[in-house]
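Here the structure comes first, spelled out in structure tokens, and everything after it is commentary.
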Amino acid sequence: MSEPQPTYLSDYRAPAYRVTHTELTFDLDPAATRVKARLHLERHPERQAGEPLELDGEQLDLKAIAIDGQPLGADEYALTERGLRVDRVPERFLLDTEVEIAPEDNTALEGLYRSSGMFCTQCEAEGFRRITFYPDRPDVMATFSTTVIGDAASLPVLLSNGNPVERGSLPGERHFVTWEDPHPKPSYLFALVAGDLKKVEDRFITLSGREVSLQIWVEEENLGKTDHAMASLKRAMRWDEETYGREYDLDLFMIVAVNDFNMGAMENKGLNIFNSAAVLTHPQTATDAAFQRVEGIVAHEYFHNWSGNRVTCRDWFQLSLKEGFTVFRDQCFSADTNSAPVKRIEEVSFFRTAQFAEDAGPTAHPVRPDHYIEIGNFYTLTIYEKGAEIVRMLRNLVGWEAFRRGADRYFARFDGQAVTIEDFVGCMAEASGQDLDQFMRWYSQAGTPEIDAHGEYDYANGVYRLVLRQRTPATPGQPDKQALHIPIRLGLVGTKTGRDLALTLDGEALGRDAVIHLREDEQEFVFTDVEEAPVPSLLRGFSAPVKLHYPYSREDLAFLLANDSDGFNRWDAGQRLALLALDDLIAAHRNGVEKVMDPRVVEAFRALLDTDTDDKAVLAEMLTLPSEAYIAEQQPLVDVDAIHAARLFVKQSLALALRDDFLRVYEANRLDAPYAPEPEQIGARSLKNVALSYLMSIEDEEGIELARRQFEADHNMSDVRQALTLLTHSSRGDLADPALRAFGEKWAHDPLVMDQWFSIQVMRPQSDALDRVKFLMDHPAFSLTNPNKVRALIGAFAQNRVNFHRLDGEGYKLLADVVIELNRLNPEIAARLVTPLTRWQRFDEARQTLMKAELERIRGEALSPNVYEVIEKALA
Ligand code: ARG
Ligand code: ZN
């Protein structure tokens, strides 16, 4: 195989031929499925006559080919590395092909594959070319008519996109169903499912009074786990009508749960296919976080029906057009349905840890990349989450009303089309009358902008001067960056009153909470009539995806933590305060100096524990220390062990000083009511479980007893999982082993619960974590071909910072071994799994050497394009 070559955005051309209608017939067989395709083709009006027809195709065994009913001779077409070429074709014609494929050998889980005995598909981004020869690109949109033929006994259910129009039996105990999808769609939205599935049904009446049948298809044993997904779906449908005026457009909406799936879920038209982990819930098997994740993903895929399906992407460089917008939509939905402040805290806390790390590493790329080798590597936090942050900034810049008008315009103007990010932002510019040219740089510049802020209060004149300087560090292929348009929401909190002061900028009264616009490399903002010395509260609500540096003193931070009117920044002040204390302790650990706890942090936490708040979820977040990964993000060079020791020291010091407060909070937040995944209960549980984690950090006898009882009470998975985690992560084998054994036996039959059991064990801070991974890889419930299992065991272990980064390099070696095996089985998962090794520059020399050696070892293999691209970047 030749070296994989990049595709460039600047090379985009309309397709030479387009497909207006696609007829497919699948004759399903695990080893030899026959796919007949009849494509109604015509020359693209923008392209010249006489160009060859080039179709994508991979791993297809061509059995027959004809144009307008005439079989082609061997010299009339060519099979190429990319697919199929026919040099001479008419202006309009029918192309018939028949291919054979082997779903049972498809471990990459792209195209048509088998999962737990059923057949299913995953076509985004380029999986359809593993099903049939086709112009497999999003700007070719056709109506589809699909006939699925299968064994009547083992495959009683045969599904595809759109509406079923015909069904019947066939000789040889086989049957068929024909589906018609009237909405033109690109091939990546095609789906097929066949298996022994059971459905749960409900209905939804749309705003205009149409009835939609809603179906969730699962394996029989999971019939009791669909309630929450169904309720979430109905809420999402209503929300999209009320918020964006978007109605569903078919009579049938189906969700199918499959056990083997590379990602969370997929928005195929009328037939969403979900990783079972993203749809199934039950109080006994799923945590609060899992319930919320299911709600978010069900909504996300549903929202794609408009932002993605009705209006899709011209090419894959525009991926964030649908993903950034749709993530933003699902974030707003979840904020509206749950506690909005805690939702924002969770989003940002995840974003600043994981996306910032991506933006600072060797695979950093713009939200709209300009080239790629393998598009499957670009389903990233940058495309999704940073893309969503950009849309959020847009919403805030133009205001909700103009944003909604812009969205209406976008959906109306481009319905049924495949478009670009300019088309979207253009609608927002038109609707708002704002100039968004500079703003567009957010899409083309990679890297996290950093802002240095300095403020000075002039007592004599009541003037506050704020100087902001921005710079975006160089990223691979982008040495120089231009200034971005950065909206900064802020308040000035009066040090005497603790209240937001009135803001007057250039003579204009802005209220007490305002947005200022940084557009230059450096800008000074002069606020007048500032009655008292303020502490600035900057970047409220994380108004832009940047790192903001301000020389806050610990007193400033304690003050903001107590007084800021913005809940998000109150939380962030607590995080910053903890980080300052952690910095000292990390240094102390490295220098072998005795560690001393900063009393200001203890007092700040004491005050938090005394507050009587109704948003318990936010309080729980405030009591949660920055994660080791986030602390590492702040360090110039990551010292894994010092970070672990320092964080543990802070946690234990707080637990020792505030033991009785934590006990009191625990007791006050026990719930006897039946489990419900509702904000109030979730908040109380989080708070209680945070308190328990402090008590367990010092292995307090009473805490241990509470954890044990919480585990045994078996009230719901959130409580059980937290108790099991704390028992397993304690230093006492007599606590860990019996609990793990009991849990493992009880849930041996439930793959999603076993995933949790795997993760909990390999996240142990104790030094046996690596041995446990090796041991568990032979466990009957583990499988290298199931992505959920790989993530639960191997992926989780790579997040176990002290153990993955062992100085003997054994953690790295294990990861590399698995990557090498998965490179053959499932390249997309392999390329994701290798990520932690690609961040080698962040570590000390000894670890750098070990990590690079493993990357080199992987490079020595015959690599898939996916892994090749990531490894080349990491070693560049
Ligand atoms: N569009 C899907 C989503 O809702 C993700 C599909 C990812 N596919 C892939 N091969 N990586 O976000
Ligand atoms: Zn999506």
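One-based numbering, in listed order, for ligands and for the atoms of each. For reference, positions follow the sequence shown, starting with 1. Values below: every heavy atom of this structure, side chains too, minus hydrogens, waters and symmetry copies.
With no hydrogens or angles considered, no side-chain donor-acceptor pair links E110 and N106 at under 3.5 Å.
Ranking the protein heavy atoms by distance from atom 8 (N) of ligand 1 puts E124 O, 3.3 Å first. Atom 2 (C) of ligand 1 has E267 OE1, 3.3 Å as its closest protein atom, hydrogens excluded (heavy atom only). In terms of protein heavy-atom proximity, atom 11 (N) of ligand 1 is closest to E828 OE2, 2.5 Å.
Close contacts between ligand 1 and A265 involve ligand atoms 2 (C), 3 (C), 4 (O), 5 (C) [criterion: under 4.0 Å to a heavy atom]. Ligand 1 places these atoms under 4.0 Å from at least one heavy atom of M266: 1 (N), 2 (C), 6 (C). Residue contact check: H300 has heavy atoms under 4.0 Å from atoms 3 (C), 4 (O), 12 (O) of ligand 1. Taking a cut-off of under 4.0 Å to the non-hydrogen atoms of E301, the atoms of ligand 1 that pass are 3 (C), 4 (O). Those atoms of ligand 1 with a heavy atom of H304 less than 4.0 angstrom away are 4 (O). Counting the atoms of ligand 1 from 1 in the order shown, those under 4.0 Å from a heavy atom of K322 are 1 (N).
Atom 12 (O) of ligand 1 has its nearest heavy-atom neighbour, among F378, Y384, Y379, in Y384.
Ionic pairing of R368 and E422 is present here: one or more N-O contacts between side-chain nitrogen and carboxylate oxygen are shorter than 4.0 angstrom. The existence of a salt bridge linking K386 and E358 is excluded, since no basic side-chain nitrogen approaches an acidic carboxylate oxygen closer than 4.0 Å. Between R130 and E58, at least one side-chain N (NZ, or NE/NH1/NH2) sits under 4.0 Å from a carboxylate O, which counts as a salt bridge.
Between W306 and F325, the distance from one ring center to the other does not fall under 6.0 angstrom.
Residues passing the side-chain hydrogen bond (donor to acceptor under 3.5 Å, both in side chains) test with N377 are E869, sequence neighbours excluded. Residues passing the ring-ring contact (aromatic ring centres under 6.0 Å, His included) test with H228 are F291, sequence neighbours excluded.
Of all non-hydrogen atoms in K789 and S783, the two that sit nearest each other are CB-O, 3.5 Å.
Distances from the Zn ion (ligand 2) to the N/O/S atoms of E323 are shortest for OE1.
Both cation-pi conditions hold for R314 and Y12: the charged atom is under 6.0 angstrom from the six-membered ring centre and inside a 45 degree cone around its axis.
Note on ligand 1: E110 sits outside its first shell, no heavy atom being nearer than 4.0 Å.
Checked by distance only, ligand 1 and R832 stay at 3.5 Å or farther apart across all their nitrogen or oxygen atoms.
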